[in-house]
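Atoms within a ligand are numbered from 1 in the order they appear, just like the ligands themselves.
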Amino acid sequence: MGDTMLVNSKDMLLDAKKNKYAVPHFNINNLEWTRFILEECQRLNTPVILGVSEGALKYMGGAKTIVGMVKGLIDELFITIPVCLHIDHGQTFETCKRAIDAGFTSVMIDGSKYSLDENIKETQKVVEYAHARNVTVEAELGLIGGEEDGVANKLAFTNLKDCQYFLERVDVDSLAPALGSVHGLYKGEPNLDYETMKEINDNIAVPLVLHGGSGLDNEKITKAIACGISKININTDLQIAWSNAVREFLDNDKQVYDPRKVIKSGEQAMKKVIEEKVNIFSNKNR
Ligand code: 13P
């Protein structure tokens, strides 16, 4: 297992940008989720980014535990697709540093709570540490709405001018511009600013990331990819598919108590959503 490779997101995202498709980012919550995602992405032969939020980081026992688990699964399941292990919405330099030291190959530093200049300063610190260790960095501009790890965020849109100002000062590898997407369930019809998305993509070289990919129908996803999105983050759609299947399983079997059977009962439902998303993201009909 010593030389099991995780890759950073650089090549996969640049290839996606060049060829107009999106790399899937799926958030992981435990060992089983990680296995289901790896197995299905291997079957579909797609590179994948495994996203770990700060909440999930704590839940799964910390960065070292997760790196060991992911590398172990890659080895034991004979996974050969490119796998990137990524911190999702890292809140501090310290979180990113610890993850990088443990073997994560990519981090997002979410400085969206700061002013633009403070965001630049915080992100720059992470970039220096990460790039010296071949780790890629994603940043957020504006504020992606919704709720994440129990924290509610009010959406704030960004624009091309701020993105250019930011990128002239910080050398990040991908950028998540807040353009109307929200984490978790959308209240009402999702309203993405595709025009600005395209304008930003046409004027900057860095691949763009769409957060809050759950709840967007195929048409919206395809349109976002056409406007230059190269990575799409999905968490809630998998959670809903898994929970619904497990709920049904438990309702139908009042005797079952084996946790392996319970957790596994959501496997096929999750894999089906993964397949659907990967097929849309791959933009095969382009
Ligand atoms: P969803 O839960 O809405 O899919 O958002 C996931 C995400 O953007 C993680 O950063």
Engineer: Compute both the distance and the angle, then confirm whether Arg133 meets the cation-pi test with Tyr129: under 6.0 Å from the six-membered ring centre, within 45 degrees of the axis.
Structural biologist: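 Yes, a cation-pi geometry.
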
Engineer: Could Lys271 and Glu39 be called an ion pair, given the rule that one side-chain N must be under 4.0 Å from one carboxylate O?
Structural biologist: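 Yes, this pair counts.
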
Engineer: Take Glu54 and Thr95, measure what side-chain hydrogen bond (donor to acceptor under 3.5 Å, both in side chains) needs, and give me the verdict at the end.
Structural biologist: CA-CA 8 Å; Glu54 289 219 4; Thr95 298; 3.0 Å; yes

Engineer: Do Asp101 and Lys97 sit within salt-bridge range, that is, some charged N less than 4.0 Å from a carboxylate O?
Structural biologist: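 Between Lys97 and Asp101 there is a salt bridge, with a charged N closer than 4.0 Å to a carboxylate O.
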
Engineer: Can you list, by chain and residue number, every protein residue with a non-hydrogen atom closer than 4.0 Å to ligand 1?
Structural biologist: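 Ligand 1 is contacted, at a heavy-atom distance under 4.0 Å, by Asn27, Asp88, His89, Glu148, Val182, His183, Gly184, His211, Gly212, Gly213, Ser214, Asn233, Ile234, Asn235, Thr236.
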
Engineer: Taking Lys10 as the fixed residue, which of Asp171, Asp15, Asp173 is the one that meets the salt bridge (charged side-chain N to carboxylate O under 4.0 Å, His left out) rule?
Structural biologist: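 Per the salt bridge (charged side-chain N to carboxylate O under 4.0 Å, His left out) rule, the option paired with Lys10 is Asp173, out of Asp171, Asp15, Asp173.
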
Engineer: With a 4.0 Å cut-off, would you call Glu276 and Lys272 a salt bridge?
Structural biologist: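 Salt bridge between Glu276 and Lys272, a charged N being under 4.0 Å from a carboxylate O: yes.
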
